[in-house]
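Just so you know, these numbers use all the heavy atoms, side chains as well, and skip hydrogens, waters and symmetry mates.
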Amino acid sequence: MIFHSFLFKFYDLTGGESGISVPRPSLFGASFASMSKTAFLVGPFYRYALGLFSVMFLLMALIVSSPFGLAL
């Protein structure tokens with residue numbers, strides 16, 4: 001109950017019932033403030049996450065197939 005009261009009483013810190021507002025991140029310096037949140041997540045952020053996943057997957061495949069990876 002104390003924690004619950006803390007969250008709702010310190011409105012400037014926690015945002016109360018609305019929560020903490022987090023600004024939309026920029027990708028590679030490009031701002032997407034004009035896009036809706038759904039369009040941002042489905043469009044540029046999805047492609048960024050897919051590209052990052054692909055690079056990490058290839059990096060892990062290289063490590064696993066290397067002699068060091070086989071020794072692990």
Note to self: Hydrophobic clusters here meaning ILVMFWY residues chained together by side-chain heavy-atom distances under 4.5 Å, can you tell me if Leu27 and Leu52 are in one?
What the structure shows: yes

Inspect the surroundings of CZ in Phe45 and state if more than 12 heavy atoms from other residues, nucleotides or ligands are less than 6.0 Å away. no

Excluding Val42, membership of its hydrophobic cluster (Ile, Leu, Val, Met, Phe, Trp, Tyr; side-chain heavy atoms within less than 4.5 Å) reads none

Members sharing Tyr46's hydrophobic cluster, built from side-chain contacts under 4.5 Å between Ile, Leu, Val, Met, Phe, Trp and Tyr, are Leu50

Closest non-hydrogen contact found for Pro44 with Ala39 is CD-O, 3.7 Å

Sequence neighbours excluded, the answer for ring-ring contact (aromatic ring centres under 6.0 Å, His included) partners of Phe28 is Tyr48

